[in-house]
Amino acid sequence: MSNMQTLTKKQKEIFDFINTYTAENGIPPTIDEIRKNLNLKAVSTVHEHIASLREKGYLSKSDDTDRGMTPKKEIKSIIEIPIVGKIAAGQPIEAIEDAQDTISIINPAIKTAKDHYALRVVGDSMIDEGIFNGDIVVIKKQSVAENGQTVVAIIDDNQATLKKLYKEDKKIRLQPRNPDMKPLFRIDVEIRGVVVQVIRDIKLEEEAKPRKKSKHGFKTIDLFAGVGGIRTGFENAGFKTVFANDFDAPCKLTYDLNFGNSKLIVEDIRKIGIDDLPEFDFLLGGFPCQAFSIAGYRKGFDDPKNRGNLFFDIAKIIKAKNPEGFMLENVKNLKSHDGGNTFKVIEETLRELGYHVKSKVLNTMEYGNVPQNRERIYIVGFKNKDYSDKFNFPEPVKLTKKVTDLLEKNVPEKYYYNGKPLFEKLKKDVKEEGKVYQWRRQYVRENKSGVCPTLTANMGMGGHNVPIIKDKKGIRKLTPLECFRIQGFPKSYVLPNIADSSLYKQAGNSVSVPVIEAVAKKMMEAMM
């Protein structure tokens, strides 16, 4: 299955406009010129479309200028595929065929609309296959399928369902790709075709509804967004995200899989024009902490890679856009770095911009009811002094969840050390089931507090700090999904099919969602 060549009609309009404008003026248009000429509501929407066009190879990557986009090729012929009805990715539903709409696709493997049709997906039984409720699947008509192919099957007197097909002895297994759902077994199954393409978000992004309606209309921009942990917490508290940015490209796969609108713009924040940012009320950011943490050699503002100096880029945005406030997150050691001078500069900079600033170090296991020992500093600022006076950081909550409550039931063999060289070094010390240990390159460290140690970006990559547990089957490391759960991400949060090393890094670099949500709710309360 592929969706790399799919263009929405709006993306085609933008690409055509860039081509025409460039030919007539000798330079590409700015983001705002695109927005105005195509009557789009927000520059963030244009950023999202431009990012999609780059990913699909239609535009070259931008440079440091506002007009840094160059068309790379002409759009090939677009094929109109009829959408003939709905298909159940869950409990089978009556097959509906009523071709009242079409979907425009570009797919080199599909030369003609003949022998193809499209269906809207209803249900979530195929989420681990990357097929979600509301998606559109393009189907190649055929009456046979190979084992493991995702098929449209007609069962039980004209009931249609979308499942993976497996032939077993004298019966057929229709397997969902959702661990919470059971397979269907049938003797006779009518195959109507196989899935060849999945299309997500075919509606214009500017028309898409946010995941949760904002109570007061407070809009946020999600900077250094990672995989959306801060966004999740703030949207749960009633805020609305209008822009998201991060420099790490693999994060986009995870981020976009979980958010329907304001998808992740992958770009150096210093290359995004401040004037191109949408209007917002609060700036949110877990700005890079390597320059301040013990693990990052404590370079601070003098970091040669400019990771510490990114704070001043945040300050520039705040100064130019003058939002209602902000919430920044960083490592605990930010407050003590350089004898407190680093944090003093940060506070003074924010106060000189006209904000009332409060900060506090919160531990995930004390403020999020999540069994992880993770201390982070949270910096909250309001332009309005009354809001600041009313704002208080959340009170501690009792820790009731255990690490064992968050573990997967059926863990693949690849995560176990049984029979591997490291097993001999672990077996003497990793004795108690459910307790989290760490491999520190040369020795095993037992966590005596009964919770998981701080998850790090390099865990699971063969280095130190690898979280290890013992279960009924043996000794293993935590899976990526378990790490996301120990960061407090909801069960509805989906992980893409990418390398485990990327997922471990994303989990370790993220935030503890329940703590963020608790802070966001207190911010919302202060403004009510």
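Heavy-atom basis, side chains included; hydrogens, waters and symmetry copies ignored. Heads up: numbering here begins at 1 and tracks the sequence. The structure presented is a predicted model; accordingly, all values stated were derived computationally and were not measured.
- In the displayed structure, E408 atom CD is contacted under 6.0 Å by more than 12 heavy atoms of other residues, nucleotides or ligands.
- Formation of a donor-acceptor pair under 3.5 Å by the Y367 side chain with backbone atoms of V361 is not found in this model.
- In this structure, F484 has its ring center under 6.0 Å from that of Y493.
- Side-chain atoms of N322 and K383 include a donor-acceptor pair closer than 3.5 Å.
- At a threshold of 4.5 Å between non-hydrogen side-chain atoms, the residues R476 and K470 do not count as touching.
- Atom CG of N330 sits about 7.0 Å away from atom CD1 of I346, to the nearest 0.5 Å.
- In this structure, K360 is not positioned above the aromatic face of Y378 in the sense of NZ or CZ being under 6.0 Å from the six-membered ring centre and within 45° of the axis.
- Annotation: the span from L478 atom CG to R485 atom CZ amounts to 11.5 Å, rounded to 0.5 Å.
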Could you walk me through whether K358 and E347 pass salt bridge (Lys or Arg N to Asp or Glu O under 4.0 Å), step by step?
CA-CA 9 Å; K358 291 184 176 181; E347 277 193 314; over 6 Å; no
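- Residue P480 comes nearest to Y504 through the heavy atom pair CD-OH, 3.6 Å, listed as atom of the first residue, atom of the second, then distance.
- A donor-acceptor contact under 3.5 angstrom links the side chains of K163 and T161, judged on distance only.
- Side-chain contact annotation: N245 with D222, donor-acceptor N/O pair under 3.5 Å absent.
- Using a 4.0 Å cut-off between charged side-chain N and carboxylate O, E517 and K521 make a salt bridge.
- When side chains are defined from C-beta on, I14 counts as touching I34, because their heavy atoms get closer than 4.5 Å.
- Checking N373 against T364 by side-chain atom types alone, no donor-acceptor pair falls below 3.5 Å.
- Here the side chains of V380 and F393 are in contact, with some heavy-atom distance below 4.5 Å.
- Checked for salt-bridge contact, D256 and K252 meet the test: a charged N lies under 4.0 Å from a carboxylate O.
- Taking a cutoff of 4.0 Å between a charged side-chain nitrogen and a carboxylate oxygen, K522 and E525 qualify as a salt bridge.
- Taking both residues in full, the closest heavy atoms of P183 and P176 are given as CA-CD, 3.5 Å, listed atom of the first, atom of the second, then distance.
- Side-chain contact between R376 and E329 is present, with heavy atoms from C-beta onward closer than 4.5 Å.
- Taking the side chain as every heavy atom from C-beta outward, L407 and V403 approach each other to under 4.5 Å.
- Distance check, rounded to the nearest 0.5 Å: NE2 of H356 to OH of Y387 gives 12.0 Å.
- With no hydrogens or angles considered, a side-chain donor-acceptor pair links R231 and Y255 at under 3.5 Å.
- Side-chain polar atoms of T241 and E235 form a donor-acceptor pair below 3.5 angstrom.
- Considering only heavy atoms from C-beta on, M126 comes within 4.5 Å of T150 through its side chain.
- Counting heavy atoms from C-beta outward, F343 and I379 have side chains that approach closer than 4.5 Å.
- Counting heavy atoms of neighbouring residues, nucleotides and ligands inside a 6.0 Å radius, atom NZ of K401 does not exceed 12 of them.
- Electrostatic pairing of D471 and K473 does not count as a salt bridge here, judged by no charged N lying under 4.0 Å from a carboxylate O.
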Might you work through the side chain to side chain contact (heavy atoms under 4.5 Å, CB included) test for F224 and L284, ending with a clear yes or no?
CA-CA 8 Å; F224 313 103; L284 312 177; over 6 Å; no
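- The two atoms that bring G233 and A520 nearest to each other are O-CB, 4.1 Å, heavy atoms only.
- The line from CD of Q487 to CG of N509 is 9.5 Å long, rounded to the nearest 0.5 Å.
- The neighbour count for D405 CG, taken as heavy atoms of other residues, nucleotides or ligands under 6.0 Å away, is above 12.
- Side-chain N or O atoms of N178 include none that pairs as donor or acceptor with a backbone N or O of S125 at under 3.5 Å.
- Side chain of Q372 to backbone of I486: a donor-acceptor contact under 3.5 angstrom is found.
- A salt bridge links E129 with K164: the closest approach of a Lys/Arg side-chain nitrogen to an acidic carboxylate oxygen falls below 4.0 angstrom.
- Annotation: side chain of L399 is in contact with side chain of V451 (closest heavy-atom distance under 4.5 Å).
- To the nearest 0.5 Å, atom CD1 of residue I469 and atom OG1 of residue T404 are 9.0 Å apart.
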Just do the side chain to side chain contact (heavy atoms under 4.5 Å, CB included) check on M327 and I516 with the steps written out, would you?
CA-CA 9 Å; M327 194 289 297; I516 295 291; 3.8 Å; yes
Please test V242 against T220 for side chain to side chain contact (heavy atoms under 4.5 Å, CB included), starting from the C-alpha separation and ending with a verdict.
CA-CA 6 Å; V242 295; T220 67; over 6 Å; no
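- Looking at every heavy atom in both residues, K398 comes nearest to N369 through O-OD1, 3.4 Å.
- Side chain of D246 to backbone of G226: a donor-acceptor contact under 3.5 angstrom is found.
- Other residues, nucleotides and ligands contribute only 12 or fewer heavy atoms inside 6.0 Å of the CD atom of E395.
- A 6.0 Å sphere centred on CZ of F247 holds no more than 12 heavy atoms belonging to other residues, nucleotides or ligands.
- Looking at T479, its side chain does come within 3.5 Å of a backbone N or O of E482 through a donor-acceptor pair.
- Partner F282 forms a ring-ring contact (aromatic ring centres under 6.0 Å, His included) with one of F326, F243, F234, F239 and no other, that one being F239.
- With respect to the salt-bridge test (charged N to carboxylate O, under 4.0 angstrom), the residues K335 and E375 do not qualify.
- The distance from atom CG of L481 to atom NZ of K491, rounded to the nearest 0.5 Å, is 10.5 Å.
- Looking only at distances, a side-chain donor or acceptor of D281 sits under 3.5 Å from a matching main-chain atom of K219.
- Counting only distance, with no hydrogens or angles, the side chain of R374 and the backbone of L455 share a donor-acceptor pair below 3.5 Å.
- Ion pairing between K263 and E48 fails under the 4.0 Å rule for side-chain N and carboxylate O.
- For the pair I230 and G286, the tightest heavy-atom approach, listed with the atom from each and the gap, is CD1-N, 3.5 Å.
- Within the 3.5 Å criterion, the main-chain N or O of I131 finds no donor-acceptor partner in the side chain of D135.
- The two residues P467 and V436 come nearest to each other via the heavy atoms CB-CG1, 4.3 Å.
- A donor-acceptor contact closer than 3.5 angstrom links the side chains of Q506 and T254.
- Heavy atoms of other residues, nucleotides or ligands lying less than 6.0 angstrom from CG of D275 number 12 at most.
- Ion pairing between K10 and E13 holds under the 4.0 Å rule for side-chain N and carboxylate O.
- A salt bridge does not link D386 with K390: every distance from a Lys NZ or Arg NE/NH1/NH2 to an Asp or Glu carboxylate oxygen is 4.0 Å or more.
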Would L328 and F287 count as a side chain to side chain contact (heavy atoms under 4.5 Å, CB included) here? Give the steps.
CA-CA 7 Å; L328 306 176; F287 62 103; 3.9 Å; yes
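- In summary, R35 and D276 do not engage in a salt bridge, as defined by a charged side-chain N under 4.0 Å from a carboxylate O.
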